[in-house]
Amino acid sequence: MHDASSARPVGREPALDACERRGLFLVAAPADRWGIADRIGPGKAVWAECGLPAADGGVPDDV
């Protein structure tokens, strides 16, 4: 995800009845790693890495 705003997002636990401000929560929940990076031009990008389960259904060795 990316946008043209220079403001860095702040992660926070959303209220149970919240209808907004869940972006980073939704990115971080399934991600093994995530972060915020500058992009070419104005703004920033949020990136995430999600690992795959091992073929046998267990946890991969590198986690």
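Side chains are part of it too, since the values below use all heavy atoms of this structure and drop only hydrogens, waters and symmetry mates.
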Chemist: Working to the nearest 0.5 Å, report the span between CZ of Arg39 and NZ of Lys44.
Modeler: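 Interatomic distance, Arg39 CZ to Lys44 NZ, rounded to 0.5 Å: 8.5 Å.
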Chemist: Apply salt bridge (charged side-chain N to carboxylate O under 4.0 Å, His left out) to Glu20 and list each qualifying residue two or more places apart in sequence or on a separate chain.
Modeler: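 For Glu20, no residue satisfies salt bridge (charged side-chain N to carboxylate O under 4.0 Å, His left out) once neighbours in sequence are set aside.
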Chemist: Can you sort out the partners of Ser6 under side-chain contact (heavy atoms from CB on, under 4.5 Å), two or more places apart, ordered by chain and number?
Modeler: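 For Ser6 there are no side-chain contact (heavy atoms from CB on, under 4.5 Å) partners, ignoring immediate neighbours.
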Chemist: Using every non-hydrogen atom in the two residues, find where Leu24 and Val10 come nearest and quote the distance to one decimal.
Modeler: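 Looks like CD1-C, 3.8 Å.
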Chemist: Using the side-chain contact (heavy atoms from CB on, under 4.5 Å) criterion, which residues pair with Ala28? Sequence neighbours excluded.
Modeler: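 Checked Ala28 against side-chain contact (heavy atoms from CB on, under 4.5 Å); matches are Trp34.
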Chemist: Report the residues that fulfil side-chain hydrogen bond (donor to acceptor under 3.5 Å, both in side chains) with Arg22, sequence neighbours left out, ordered by chain and then residue number.
Modeler: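 Partners of Arg22 under the side-chain hydrogen bond (donor to acceptor under 3.5 Å, both in side chains) test: none.
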Chemist: If the condition is salt bridge (charged side-chain N to carboxylate O under 4.0 Å, His left out), which residues does Asp38 pass it with, not counting sequence neighbours?
Modeler: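 With sequence neighbours excluded, Asp38 shows a salt bridge (charged side-chain N to carboxylate O under 4.0 Å, His left out) to Arg8, given in chain and number order.
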Chemist: Looking at Ala48 and Ala31, what are the two nearest heavy atoms and their distance?
Modeler: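 In this case the closest contact between Ala48 and Ala31 is CB-CB, 4.0 Å.
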Chemist: Which residues pass the side-chain contact (heavy atoms from CB on, under 4.5 Å) test with Ala15, sequence neighbours left out?
Modeler: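 Ala15 satisfies side-chain contact (heavy atoms from CB on, under 4.5 Å) with Asp17, Ala18 only.
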